Amino acid sequence: MSPISAEDPIPVPQPVLAPLTSSAIFLVACIKPDDESYAAVRSLSADLPGIFRAVDFRRIEAGLSCVAGFGSDAWDKLFQGPRPAELHPFREIQSGGRHAVSTPADLLFHIRAKRMDMCFELVTQIMERIGGAVHAVDETHGFRYFEDRDLLGFVDGTENPRAGAALNAALVAGEDARFAGGSYVIIQKYLHDMSRWNALTTEEQERIIGRKKLSDIELSDAVKPSSAHNALTTIVENGKEVKILRDNMPFGKPGQGEFGTYFIGYSRSPRITEQMLENMYIGRPPGNYDRLLDFSRAVTGSLFFAPSATFLESLGD
């Protein structure tokens with residue numbers, strides 16, 4: 001089935017803008033390199049809306065949602081015709097010992113709900129269909145921490161756009177009309193050195209993040225370093241701030257000393273998130289990097305395109 005044409009009705013997006021939930025599973029997989037495996041994934045993509053509805057109906061009040069994204073290398077093998085204009089492999093960044101790694105990934109399923117059992121059940125049903133066709137390279141179970149804070153103790157996502165601004169930030173529109181209603185997704189799995197982080201004073205932590213820890217109020221420009229995390233991730237174009245939509249989640253295994261943040265950013269164009277990462281890892285100007293990276297390291301990095309729900313449902317025609 002060809003992608004949506006400019007003459008078609010406005011496509012319905014996947015639930016990229018779904019409300020924040022208390023639980024999430026991030027499932028990332030690579031497709032086995034044979035025609036049968038690609039056919040199985042393509043079939044699952046067409047049937048995913050129906051599988052979702054069957055699971056969702058079991059507890060409608062749980063707020064289940066699922067966004068499916070596809071990597072650059074897999075796109076042409078799964079779908080015929082044009083491809084999203086800015087879809088490409090994740091761009092690795094290395095600077096001064098800091099490393100934004102690029103890791104193989106063909107598929108992303110971002111599954112959210114108020115209850116982990118709903119997330120668990122949907123992942124189970126997805127893997128029942130394609131488990132023999134893919135290698136799961138990462139499965140991370142996220143949870144909402146106290147007061148929507150990350151494990152570093154700061155509120156995460158305060159500056160997320162809302163309502164119409166969120167739609168404008170996250171969804172492709174007329175600039176790539178065939179893929180309107182889709183969204184570019186970048187993920188990174190960060191591990192934190194909590195012992196070193198907790199050895200800092202609260203004031204030192206606040207200068208690294210750029211916000212007050214207790215109140216979540218942004219530090220004034222008079223005291224906030226230009227290397228603060230929220231300073232470097234602020235992107236201004238033509239005098240106007242350009243935003244992305246985040247739904248980061250804490251994760252961890254305390255018994256194994258694992259504490260982390262799963263970064264996921266939806267955007268109308270991947271270059272916005274890429275510019276944020278360049279500012280963090282290289283610095284703005286170069287050398288003025290994000291000091292948070294002295295305590296956190298990325299162990300994954302991938303870029304996907306999440307086409308509209310209309311596109312996915314059309315695959316079954």
Side-chain angles (χ1 to χ4, degrees), residues 13-18 21 23-32 37-38 40-49 51-52 64-79 83-84 86-91 100-113 119-120 122-127 129-131 133-142 170-172 179 181-190 244-249 251 260-270 273-274 277 298-309 311-312 315:
Q14 294 190 68
V16 169
L17 277 63
T21 58
S23 300
I25 295 180
F26 305 90
L27 177 65
V28 180
C30 289
I31 305 171
K32 295 179 181 179
S37 294
Y38 282 101
V41 172
R42 188 163 49 246
S43 175
L44 179 277
S45 300
D47 294 345
L48 186 59
I51 294 171
F52 167 82
L64 180 68
S65 68
C66 175
V67 176
F70 304 89
S72 178
D73 292 342
W75 184 274
D76 294 333
K77 298 173 184 177
L78 287 169
F79 311 120
R83 55 189 278 126
E86 296 187 79
L87 181 59
H88 56 259
F90 180 86
R91 291 171 178 161
V101 298
S102 177
T103 49
D106 294 327
L107 300 172
L108 166 70
F109 296 99
H110 179 201
I111 298 169
R112 294 172 276 187
C119 299
F120 182 90
L122 185 53
V123 170
T124 300
Q125 294 301 326
I126 289 171
M127 293 305 291
R129 284 288 302 271
I130 61 168
V134 303
H135 297 291
V137 294
D138 186 63
E139 180 181 334
T140 299
H141 292 214
L171 300 181
V172 173
F179 295 100
S183 185
Y184 293 93
V185 195
I186 286 181
I187 61 166
Q188 288 182 295
K189 184 176 181 178
Y190 281 91
I244 66 172
L245 185 68
R246 301 171 175 86
D247 195 1
N248 302 349
M249 293 286 268
F251 69 90
T261 297
Y262 203 101
F263 166 79
I264 181 165
Y266 291 96
S267 59
R268 188 169 176 168
S269 167
T273 314
E274 290 168 343
L277 294 177
V299 295
T300 69
S302 303
L303 167 62
F304 306 90
F305 185 74
S308 68
F311 178 95
L312 293 179
L315 296 172

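None of the values given here were measured: they were computed from a predicted structure.
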Audit row: His88, Glu86, side chain to side chain donor-acceptor pair (under 3.5 Å) steps and yes/no:
CA-CA 6 Å; His88 56 259; Glu86 296 187 79; over 6 Å; no
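- Distance CG/Leu78 to CG/Leu107: 7.0 Å, rounded to 0.5 Å.
- Evaluated for a ring-ring contact (aromatic ring centres under 6.0 Å, His included) with Phe179, the options Phe79, Tyr184, Trp75 yield exactly one hit, Trp75.
- Residues Pro13 and Gly181 come closest through the heavy atom pair CB-O, 3.3 Å.
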Would Ile51 and Leu44 satisfy side-chain contact (heavy atoms from CB on, under 4.5 Å), going step by step from the backbone distance to the final call?
CA-CA 9 Å; Ile51 294 171; Leu44 179 277; 3.6 Å; yes
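- Here the straight-line distance linking atom CG of Leu108 with atom CZ of Phe304 works out to 5.0 Å at 0.5 Å rounding.
- For the pair Ile130 and Val41, the tightest heavy-atom approach, listed with the atom from each and the gap, is CG2-CA, 4.2 Å.
- Here the OG-CG distance, from Ser183 to Leu245, works out to 7.5 Å after rounding to the nearest 0.5 Å.
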Using side-chain contact (heavy atoms from CB on, under 4.5 Å), reason through Thr140 and Thr300 one step at a time and then give a plain yes or no.
CA-CA 12 Å; Thr140 299; Thr300 69; over 6 Å; no
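- Glu274 has its side chain within reach of Ile186: a pair of non-hydrogen atoms, C-beta onward, lies under 4.5 Å apart.
- Proximity of a side-chain donor or acceptor of Thr21 to a complementary backbone N or O of Ser23 within less than 3.5 Å is detected.
- When all heavy atoms of Val28 and Ala105 are compared, the pair lying nearest together is CG1-CB, 3.5 Å.
- In this structure the side chain of Arg129 reaches within 4.5 angstrom of the side chain of Ser43, judged on heavy atoms.
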Dump the intermediate steps for side-chain contact (heavy atoms from CB on, under 4.5 Å) on Thr273 and Leu303, then the final yes or no.
CA-CA 10 Å; Thr273 314; Leu303 167 62; over 6 Å; no
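- Residue Ile111 holds its CD1 atom at 9.5 Å from NE2 of His141, rounded to the nearest 0.5 Å.
- In this structure, Pro84 and Val172 have side chains that are not in contact, with every pair of non-hydrogen atoms separated by 4.5 Å or more.
- Of all heavy-atom pairs between Arg42 and Lys77, the closest is NH1-O, 3.3 Å.
- Judged by distance alone, the side chain of Ser302 and the main-chain N or O of Thr103 form a donor-acceptor pair under 3.5 Å.
- Nearest heavy atoms, Ala46 versus Leu315: CB-CB, 3.8 Å.
- Using a distance-only test at 3.5 Å, with no hydrogens or angles considered, no donor-acceptor pair links the side chain of Gln14 to the main chain of Gly182.
- Although no hydrogens or angles enter the test, the distance criterion places a donor-acceptor pair under 3.5 Å between the side chain of Asn248 and the main chain of Ile264.
- Taken from CD1 in Ile244 to OH in Tyr266, the straight-line distance is 11.5 Å, to the nearest 0.5 Å.
- Using a 4.5 Å heavy-atom threshold, the side chains of Asp73 and Ile31 count as separate.
- Annotation: side chain of Lys189 is in contact with side chain of Phe251 (closest heavy-atom distance under 4.5 Å).
- Using a 30° and 60° split on the angle between ring planes, Tyr262 and Phe26 fall in the parallel class, below 30°.
- Here the closest non-hydrogen pair linking Phe90 and Ala100 is CE2-O, 4.0 Å.
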Pair Met127, Val134 - check side-chain contact (heavy atoms from CB on, under 4.5 Å), show working.
CA-CA 9 Å; Met127 293 305 291; Val134 303; 3.9 Å; yes
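- By the neighbour-count criterion of 12 heavy atoms within 6.0 Å, atom CZ of Phe120 is sparsely surrounded, having that number or fewer from other residues, nucleotides or ligands.
- One finds the OG atom of Ser72 at 4.5 Å from the CG atom of Leu87 (value rounded to the nearest 0.5 Å).
- Results of the side-chain contact (heavy atoms from CB on, under 4.5 Å) test with Arg112 over Leu122, Asp247, Leu64 single out Asp247 as the only residue that passes.
- Counting non-hydrogen atoms of neighbouring residues, nucleotides and ligands closer than 6.0 angstrom, the NZ atom of Lys32 exceeds 12 such neighbours.
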